[in-house]
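Report on the following structure.
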Amino acid sequence: RRLDEGEESRIILREMSQMAIELGTETICDRVETKEQADFLMDIGVTKLQGYYFSRPVPYEEVLERYRNGTHPGYEEV
């Protein structure tokens with residue numbers, strides 16, 4: 001949420017992502033709202049992104065329907 005407020009937040013996210021990568025853990029980031037946020041998170045190795053940048057909140061039934069139809073589920077796997 002504070003990604004755009006300063007370098008301190010970016011440092012924390014970068015280090016947490018690096019730790020997860022070194023542990024072999026997948027990383028997921030929620031509340032991605034801008035292209036700039038998505039680009040930064042992909043650059044530091046986050047593997048899944050979710051938020052308004054990709055999709056508005058949708059009811060559970062619609063998520064299931066999207067999977068059945070093969071349409072975008074509302075998050076981005078990078």
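The shortest side-chain heavy-atom distance between Arg10 and Phe40 falls under the 4.5 Å cut-off.
For the residue pair Ser17 and Gly45, the shortest heavy atom distance occurs at OG-C, 3.8 Å. When every heavy atom of Val46 is checked against every heavy atom of Thr27, the shortest pair comes out as CA-OG1, 3.0 Å. Of all heavy-atom pairs spanning Glu33 and Tyr53, the tightest one is C-CB, 3.7 Å. The two residues Val63 and Val58 make their nearest non-hydrogen contact at CG2-CG2, 3.4 Å. Across Arg31 and Gln37, no two heavy atoms sit closer than the pair O-OE1, 3.8 Å.
Transitive grouping of hydrophobic side chains (ILVMFWY, heavy atoms separated by less than 4.5 Å) keeps Leu13 and Ile21 in distinct clusters.
In this structure, Asp39 CG and Ile44 CD1 are separated by 12.0 Å, a value rounded to the nearest 0.5 Å. Atom SG of residue Cys29 and atom CD of residue Gln50 lie 9.5 Å apart, to the nearest 0.5 angstrom.
Side-chain atoms of Glu62 do not come within 3.5 Å of backbone N or O of Pro59 as any donor-acceptor pair.
Looking at residues two or more places apart in sequence or on another chain, you find a salt bridge (Lys or Arg N to Asp or Glu O under 4.0 Å) between Glu7 and Arg14.
Apart from Met19 itself, the hydrophobic cluster it occupies contains Leu23, where clustering links Ile, Leu, Val, Met, Phe, Trp and Tyr at side-chain heavy-atom distances under 4.5 Å.
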